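Each remark here refers to the structure printed beneath this line.
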Amino acid sequence: IGISNVTNMEGMFYNCTSLEALPLVLYSSYSSLKNPVTGSTAYCASLDYAFYNCTSATRIVTYSSASAYTYVTSISHAFENCTSLVSYTVQSSNNGFSNLVDASYAFKNCTSLTTINMKVVFGESGNGTGANLESMFEGCTQLTSIDLSLFDTSNVNDISYLFVVV
């Protein structure tokens, strides 16, 4: 799926329990989207709940040029309860998100997840507080491969329950 003019993907595939695999293309043309009334630039900032409860999805890969991920600031609950998801990969020239503020519960209860391949630079929220990673990998009982050196956590405020297994 190629998405070039979308500014919000919240809940896009919410509860799509039969979705098995998805290559998702985020284009870098967000910087050229202008609101004709206000003149402000629109960006796809939210992937919140985008794949929430997609229980049959085994592999999700997102492709992009580097600039498309600059504007995604939240992936809160994005893959929560994707119990069949084995791997998530970001394929882009910078291999990841560069201004992520909220990743809370992003992969919570992804009980089959073994591999995460993405680079993340966590930014500061608009109110000056650091990024939220609360429960990002909570319940990921099979997670065996994640390169934490690709996570720039210098602006992270909350890592409570980050890797808790219950």
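None of these values were measured; they are calculated from a predicted model.
- F122 and A103 make their closest contact through CE2-CB, 4.2 Å (heavy atoms, listed as atom of the first residue, atom of the second, distance).
- In terms of heavy atoms, S74 sits closest to L100 at N-CD1, 3.8 Å.
- Contact of the L143 side chain with the F163 side chain is registered, since non-hydrogen atoms from C-beta on lie closer than 4.5 Å.
- Atom CD1 of I146 has more than 12 neighbouring heavy atoms from other residues, nucleotides or ligands inside a 6.0 Å radius.
- No side-chain donor-acceptor contact under 3.5 Å links S84 to the backbone of A57.
- Under the 3.5 Å distance criterion, the side-chain polar atoms of S56 are matched with a main-chain donor or acceptor of T17.
- With N155 contributing its side chain and A131 its backbone, the two residues share no donor-acceptor pair below 3.5 Å.
- Closest of all the heavy-atom pairs between T115 and L113 is O-CD1, 3.6 Å.
- Across Q142 and T111, no two heavy atoms sit closer than the pair CG-O, 3.0 Å.
- Relative orientation of the H77 and Y49 rings is parallel, given thresholds of 30° and 60° on the angle between their planes.
- Distance check, rounded to the nearest 0.5 Å: OG of S104 to CD1 of I75 gives 9.0 Å.
- To the nearest 0.5 Å, atom CD1 of residue I159 and atom OG1 of residue T153 are 7.5 Å apart.
- Here the straight-line distance linking atom CZ of F79 with atom CG of L85 works out to 7.0 Å at 0.5 Å rounding.
- Listed for the S112 side chain is a donor-acceptor partner under 3.5 Å among the backbone atoms of T83.
- At a threshold of 4.5 Å between non-hydrogen side-chain atoms, the residues F137 and L162 count as touching.
- A side-chain N or O of E134 and one of Y105 form a donor-acceptor pair less than 3.5 Å apart.
- Atoms CG and CG, on D147 and N117 in that order, are 9.0 Å from each other to the nearest 0.5 Å.
- Going from atom CG of L148 over to atom CD1 of I116 covers 10.5 Å, rounded to the nearest 0.5 Å.
- The CG atom of D102 lies 6.5 Å from the CG atom of D48; values are rounded to the nearest 0.5 Å.
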(request) Mind running side-chain contact (heavy atoms from CB on, under 4.5 Å) on Y52 and N81 for me, showing each step along the way? (result) CA-CA 6 Å; Y52 182 90; N81 295 329; 3.3 Å; yes

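- Minimum heavy-atom separation, F107 to M118: CE1-CE, 4.0 Å.
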